[in-house]
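Heads up, the thing below is written out as C-alpha cells.
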There are 2 protein chains.
Amino acid sequence: MRVSTRFSDSIHILAFIEIYQEKKLSSELIANSIETSPVVVRRLMSTLRGAGLIATKKGTAEPKLAKESKQITLLDVYLAVEKDRQLFTLDTNTNPECIVGGNIQKVLGAYYEDAKMAALRKFNNVSLQDIIESILVEQKIKQAKE
Amino acid sequence: MRVSTRFSDSIHILAFIEIYQEKKLSSELIANSIETSPVVVRRLMSTLRGAGLIATKKGTAEPKLAKESKQITLLDVYLAVEKDRQLFTLDTNTNPECIVGGNIQKVLGAYYEDAKMAALRKFNNVSLQDIIESILVEQKIKQAKE
DNA sequence: TATTGTTGTTACTTAAAAAGTTACACGAAA
DNA sequence: TTTCGTGTAACTTTTTAAGTAACAACAATA
C-alpha cells in the first residue's frame with residue numbers, strides 16, 4: 001500500500017500553526033509548506049480538532065492550538081491520527097487447526113505489543129514544543145552556514 | 001497500501017520448520033498452516049535463506065534452520081524481511097523554502113529513529129526459541145481446557 | 001447585502017505496495 | 001523417466017492512503 005504520512009504531516013501542521021500563529025493561516029498556505037493539497041490538510045485538521053488538539057472556526061483561516069505546545073506530545077498526535085492500530089502487523093488469517101497457526105497470533109501479539117509500547121513511550125516524552133524548538137535551532141544552524 | 005505480514009509469516013515459517021523438523025516440509029504444507037500460497041512461502045524462505053537463517057535444498061522439501069533457534073532473534077528475522085526501513089514514515093516531500101518544511105524532516109527523523117530503536121531492541125531480546133516455547137505452552141493450555 | 005474567500009465534508013480517482021497467481025526451468029529421488 | 005518440489009520471474013488483484021473535484025455553510029467586508 002501507500003505508506004501513511006499522516007503522523008508526520010499532522011506534526012507539521014501543528015508546528016506550523018504555532019510558529020506562524022499571528023498570520024492568516026489558510027489550509028492552502030499550510031498545504032504549500034507540506035507540499036500537498038488543501039483538502040488533505042483540512043482532513044487532517046478535522047481529525048486533530050476531533051482529538052481536541054486544535055480549535056478552528058468554519059469559514060475563518062485562524063486555526064489555534066487547543067493546548068499549549070508543551071502539553072501536546074507526539075503520542076497525542078500519533079493516537080489522534082493513527083488510532084491505536086498495530087505497529088507490527090499480525091497475520092490474522094492462520095490455520096487454527098495447526099499448533100503453530102493456532103497459537104502464534106496470541107504469542108506474537110504479546111511481543112508486538114511490548115515493542116510498540118516501547119516506541120510509543122518515547123513519543124510520550126517528546127512535546128510539540130520540543131519539535132518546534134528543534135526546528136528553529138536547525139534553521140539557525142542553516143543560516144549560520146550561509 | 002496493503003499491510004505487510006512478512007515479518008509475522010517469516011516467524012511462522014521458522015517456528016514451523018523447527019517444530020516439525022522430522023517431517024517432510026513442502027512449501028505447500030507450510031502454506032497450509034499460514035493459509036497462504038506456496039509461492040509466498042517460497043519467496044519468504046528465499047529471503048530467509050539469503051539472510052542466513054535457514055538452509056534449503058532445491059527440489060527437496062527439507063528446510064532446516066541454519067542456526068539454533070536460541071541464536072535467532074526476532075530482530076534478525078525483522079531485518080531479514082523488512083530491511084532497515086522506516087517504522088514511522090517521514091513525509092520526504094516538504095517545502096524546503098519554509099522554516100517548518102525545510103527542517104522538520106531532520107528533526108522528526110531523529111525522534112522516529114529513537115522510537116524505532118526502542119522497539120527493535122525489544123525484538124533483539126526475544127529468540128525464536130522463546131516463540132516456540134510460548135506456542136507449545138499455549139497449546140497445552142488449550143488442551144487442558146478441553 | 002452581494003461578493004469573495006475559507007472551511008468542512010463527501011464522493012470519486014489515482015498511486016503504491018504487498019499478497020496472490022500462473023508458469024516453468026531445474027533438481028532430487030524413487 | 002516419472003513424479004514431486006524448489007526457485008524465480010512476470011503478471012494480477014487487493015488494500016489503503018493520498019490526491020482531486022465539488023459544494024454547502026460560514027465569515028468578513030466592500
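So that the names make sense, note that chain A is the first sequence line, chain B the second, and so on, each numbered from 1.
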Specify the separation, in whole Å, of atom [atom1] of [X] and atom [atom2] of [N].
X	N	atom1	atom2	answer
B/Glu35	C/dT21	CD	C1'	18 Å
A/Lys24	D/dT29	NZ	C1'	12 Å
A/Glu62	C/dT6	CD	C1'	11 Å
A/Glu28	C/dG5	CD	P	11 Å
A/Ile34	D/dG19	CD1	C1'	14 Å
A/Arg6	C/dA16	CZ	P	17 Å
B/Ile13	D/dT6	CD1	P	12 Å
B/Met45	D/dG5	CE	C1'	11 Å

Item to complete: Name all residues meeting the salt bridge (Lys or Arg N to Asp or Glu O under 4.0 Å) criterion together with A/Glu82; count only those two or more places apart in sequence or in a different chain, and write none if there are none.
Response: A/Arg6, A/Arg85
Worksheet item: Relative to each other, are the rings of B/Tyr112 and B/Phe88 parallel, tilted or perpendicular (30° and 60° limits)?
Response: tilted
Under-4.0 Å side-chain N/O to phosphate OP1/OP2 contact, [X] with [N]:
X	N	value
B/Thr36	C/dG20	yes
A/Ser46	C/dT9	yes
B/Arg49	D/dG7	yes
B/Ser27	D/dT6	yes
A/Thr60	D/dC26	no
A/Arg85	D/dT16	no
B/Thr56	D/dG7	yes

Worksheet item: How about B/Glu28: does its CD atom have over 12 heavy atoms from other parts shown lying under 6.0 Å from it?
Response: no
Item to complete: Evaluate whether atom NZ of A/Lys106 has more than 12 neighbouring non-hydrogen atoms of other residues, nucleotides or ligands under 6.0 angstrom away.
Response: no
How is [X] classified with respect to the nucleic acid when contacts are heavy atoms under 4.0 Å: base, sugar-phosphate, or nothing?
X	result
A/Arg43	base
B/Leu44	nothing
B/Ser37	base

Worksheet item: Between B/Arg42 and B/Asn93, who's closer to the 5' end of DNA chain D by nearest nucleotide?
Response: B/Arg42
Discussion item. Quick check: on DNA chain D, is the nucleotide nearest A/Lys58 upstream (toward 5') of the one nearest A/Asp9, or the reverse? Name the residue that is more 5'.
Written reply: A/Asp9
Worksheet entry | Interatomic distance, B/Thr56 atom OG1 to B/Leu25 atom CG [nearest 0.5 angstrom] | 12.0 Å
Worksheet entry | Position toward the 5' end of DNA chain C (nearest nucleotide), B/Lys57 or A/Pro38 | A/Pro38
Practice prompt. Identify which nucleotide among D/dT16, D/dA21, C/dA23 has an atom closest to any side-chain atom of B/Val39, counting heavy atoms from C-beta outward.
Written response: C/dA23
Practice prompt. Decide, yes or no, whether a salt bridge links A/Asp84 with A/Lys116 under the criterion of side-chain N to carboxylate O below 4.0 Å.
Written response: yes
